[in-house]
J.: 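Following this message is one structure expressed as structure tokens.
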Protein chains: 2
Amino acid sequence: MQVTDKQKRANILSAAAVLFATQAFHKVLLSDVAEKAGVGKGTLYIYFKNKEDLYFSVLLDGFSSLVERIHLQLDETTQGPMENLEQTIREIVRFAFQDRHLFNVMRTLPIGMSIIRERWLEKRRELIDLILSIITQGIKAGVFYDPHPELTAGYIPGLVRSALLNGTDGIDPDVLSRHIIRFVTTALTQSGELKATL
Amino acid sequence: MQVTDKQKRANILSAAAVLFATQAFHKVLLSDVAEKAGVGKGTLYIYFKNKEDLYFSVLLDGFSSLVERIHLQLDETTQGPMENLEQTIREIVRFAFQDRHLFNVMRTLPIGMSIIRERWLEKRRELIDLILSIITQGIKAGVFYDPHPELTAGYIPGLVRSALLNGTDGIDPDVLSRHIIRFVTTALTQSGELKATL
DNA sequence: GTCCCAAAACTGACTGGTCGGTATTGGAAT
DNA sequence: ATTCCAATACCGACCAGTCAGTTTTGGGAC
């Protein structure tokens, strides 16, 4: 549990991510994780409490870095809601392509109860809330219209997920970003009003 | 495997659906499935080849009935693309609410290979293709515009999934249907000009 | 209707392999 | 000499899958 070596921990996580992404939870052997990470099996238990803890740590870590990246990016450039939404979508898509493994793990099986799982759910919620705040901001500014922004906020990661899951093969990340952005912003934009403001 | 008692098979499937929906695959005990279904454990192996077969059969069965329902409905009332798309979305939402368990099983998600899994994926593809054909029809008719309809077709089940997953709680199915319909049709009905100006 | 019985369906205690988790070892590094 | 840890050995809980035995079914004979 005490973490002494960040690098080793990272190795374990990334090895685990690959395996969890390609096999179901119950098929992933901790001996394989250890081997792939270049550590002894026992060492896993220094860094993680048990198999489930390792699994959710993979998710939590990945998600945290995504959320952080988005936060940073939004902070450094203060823009209008439209630009912020675009940036965020682009970031999520980028993440999904970059960390394919991790992204695939997310579609595996988050069911059951544990503290670490809760922490993962919180992070997830954080992302949704971030998106929600952008949309709400846009509505207040009169740029967007949406009767249920909390639903729309949830849709956005779902769109990325769907595209990758359905694997319309070898799609270009940029094409996907643009399509999702167009899709979402069009839906959020009332035609008449917006044209007027432009 | 090939067995006569439809009712018993259905009992097993629905018991399994509940359990697979609430616990991870590896935590579901076949003895529990058997008990809940009111049959002996051995009987499971008369109706299904093994645990994995049972799992995917749950998915396949549910999905098949959804696809069939949509097919029927579209056949019986020939309408324009807009109406067809609306009907389809409404049907998917209805399904998701009605078979909550089954819908939750779908997020427990499959990795690995097996014949039954392939059959499930085919069904999934069938649904996507159905939606795709409606959109394509709409584009030809000049009602819709979409640079990548194959992406959009995949989004639609994803939207429903996101809404339920995110569980903006106790949302009314009708409200959700309407929101998704508005979201999608708005995105599909505005031409690309707008995006160009942004 | 009812007796008989063979085939089919069903049951659940049992088992054997698997793998999460722990303890031990031995060698490299300091 | 001591610390660290990969490698290895080991343990035992767990549970999918099996199968010998039991029950149900159905149809042929009377």
Side-chain angles (χ1 to χ4, degrees), chain A residues 1-59 105 108-117, chain B residues 1-59 105 108-117:
Chain A
M1 263 329 218
Q2 329 274 27
V3 175
T4 43
D5 187 341
K6 291 278 184 205
Q7 185 55 52
K8 196 167 288 184
R9 191 188 133 94
N11 287 346
I12 295 171
L13 282 175
S14 91
V18 173
L19 293 177
F20 281 130
T22 44
Q23 300 160 69
F25 181 86
H26 67 284
K27 294 227 177 154
V28 173
L29 306 193
L30 290 189
S31 51
D32 289 348
V33 175
E35 191 185 356
K36 198 174 182 72
V39 301
K41 191 178 167 186
T43 306
L44 298 182
Y45 289 87
I46 296 172
Y47 291 83
F48 304 96
K49 201 164 128 281
N50 52 36
K51 188 178 181 180
E52 193 182 329
D53 182 51
L54 172 58
Y55 174 83
F56 281 111
S57 294
V58 168
L59 286 185
V105 176
T108 327
L109 68 145
I111 279 187
M113 61 310 59
S114 69
I115 297 153
I116 180 87
R117 175 172 182 269
Chain B
M1 273 277 253
Q2 206 71 282
V3 185
T4 39
D5 194 338
K6 294 278 183 204
Q7 185 55 52
K8 195 163 287 183
R9 192 187 133 93
N11 286 346
I12 295 171
L13 281 175
S14 92
V18 173
L19 293 177
F20 280 129
T22 43
Q23 299 161 70
F25 182 86
H26 68 285
K27 293 229 177 156
V28 173
L29 307 194
L30 290 191
S31 52
D32 288 347
V33 175
E35 191 185 357
K36 197 174 182 71
V39 302
K41 191 179 169 188
T43 305
L44 299 183
Y45 289 86
I46 296 171
Y47 290 83
F48 304 95
K49 198 164 132 284
N50 52 36
K51 189 178 181 180
E52 195 183 327
D53 182 52
L54 172 59
Y55 174 83
F56 282 110
S57 294
V58 167
L59 287 185
V105 176
T108 310
L109 258 254
I111 282 185
M113 65 302 65
S114 71
I115 298 154
I116 180 86
R117 174 173 182 268

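Values reported hereafter were calculated over all heavy atoms of this structure, with side chains retained and with hydrogens, waters and symmetry mates removed. Just so it is clear, the structure is predicted and the values come from calculations on it, not from any experiment. Chain letters run A, B, ... following the sequence lines, proteins first, then strands; residues in each count from 1.
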J.: Contact between B:V39 and B:N11 at the side-chain level, heavy atoms closer than 4.5 Å - yes or no?
T.: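 B:V39 does not reach B:N11 side chain to side chain.
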
J.: For the pair made of NZ in A:K36 and C1' in D:dA7, what is the distance, rounded to whole Å?
T.: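 Atom NZ in A:K36 sits about 19 Å away from atom C1' in D:dA7.
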
J.: Taking atom P of D:dG17 as reference, at what distance in whole Å does atom CG of B:L44 sit?
T.: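 B:L44 atom CG is separated from D:dG17 atom P by 10 Å.
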
J.: Output the distance between atom OG (B:S14) and atom CZ (B:R9), rounded to the nearest 0.5 Å.
T.: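 With rounding to 0.5 Å, OG (B:S14) is 12.0 Å from CZ (B:R9).
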
J.: What is the nucleic acid contact for A:V28, judged by heavy atoms within less than 4.0 Å: base, sugar-phosphate only, or nothing?
T.: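 Since only primed, P, OP1 and OP2 atoms lie under 4.0 Å of A:V28, the category is sugar-phosphate.
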
J.: Would you name the heavy atoms of B:Y45 and B:N50 that are closest together and state the gap between them?
T.: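 Closest approach of B:Y45 to B:N50, heavy atoms only: CE2-CA, 4.0 Å.
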
J.: Please identify each residue that fulfils side-chain hydrogen bond (donor to acceptor under 3.5 Å, both in side chains) with A:D32, with sequence neighbours left out.
T.: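 A:D32: no side-chain hydrogen bond (donor to acceptor under 3.5 Å, both in side chains) contacts found.
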
J.: Go through C:dC10, C:dC19, C:dT11 for me and flag the one nearest to the A:L29 side chain.
T.: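 So the side chain of A:L29 is nearest to C:dC19.
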
J.: Reading nucleotides 21-26 of chain C from the 5' end, what letters show protein touch, with B for base, S for backbone sugar-phosphate only, - for no heavy atom under 4.0 Å?
T.: BB----

J.: Roughly how many Å is it from CD in A:E35 to C1' in C:dC19, rounded to a whole number?
T.: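 Taking CD of A:E35 and C1' of C:dC19, I get 15 Å after rounding.
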
J.: In whole angstroms, how far is the P atom of D:dT18 from the CZ atom of B:F48?
T.: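 In whole Å, D:dT18 P and B:F48 CZ are 16 Å from each other.
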
J.: Between C:dG20 atom C1' and B:H26 atom NE2, what is the distance in whole Å?
T.: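 In whole Å, C:dG20 C1' lies 11 Å from B:H26 NE2.
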
J.: Could you state the interatomic distance from CG (B:L30) to OG1 (B:T43), rounded to the nearest 0.5 Å?
T.: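 It is 12.0 Å, given to the nearest 0.5 Å.
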
J.: Quick one: bend of the helix from C:dG1-D:dC30 to C:dT30-D:dA1 from 5 pairs per end, to 10°?
T.: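 Between the first-five-pair axis and the last-five-pair axis there is 20°.
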
J.: Could you state the atom-to-atom distance from CD1 of B:I46 to C1' of C:dG12 in whole Å?
T.: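 About 12 Å, once rounded to whole Å.
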
J.: If I take atom CD from residue A:E52 and atom CG from residue A:L54, how far apart are they, to the nearest 0.5 angstrom?
T.: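 One finds 10.5 Å between CD of A:E52 and CG of A:L54.
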
J.: Please state how far atom NZ in B:K27 lies from atom C1' in D:dC14, giving the value in whole angstrom units.
T.: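 Taking atom C1' of D:dC14 as the reference, NZ of B:K27 is at 13 Å.
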
J.: Can a side chain N or O of B:T43 be found less than 4.0 Å away from OP1 or OP2 on C:dT11?
T.: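 For C:dT11, OP1/OP2 do have a side-chain N/O of B:T43 under 4.0 Å.
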
J.: Can you measure B:L54 atom CG to D:dG17 atom C1' for me and round it to whole angstrom units?
T.: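 It is 13 Å, rounded to the nearest whole Å.
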
J.: Establish, yes or no, whether a centroid distance under 6.0 Å links the rings of B:F20 and B:Y55.
T.: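 Ring centroids of B:F20 and B:Y55 are less than 6.0 Å from each other.
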
J.: About how many Å separate CG of B:L19 and NZ of B:K27, when rounded to the nearest 0.5 Å?
T.: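 B:K27 atom NZ to B:L19 atom CG measures 13.5 Å (nearest 0.5 Å).
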
J.: Give, for atom OH of B:Y47 and atom NZ of B:K8, the distance between the pair rounded to the nearest 0.5 Å.
T.: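 Those atoms lie 5.0 Å apart.
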
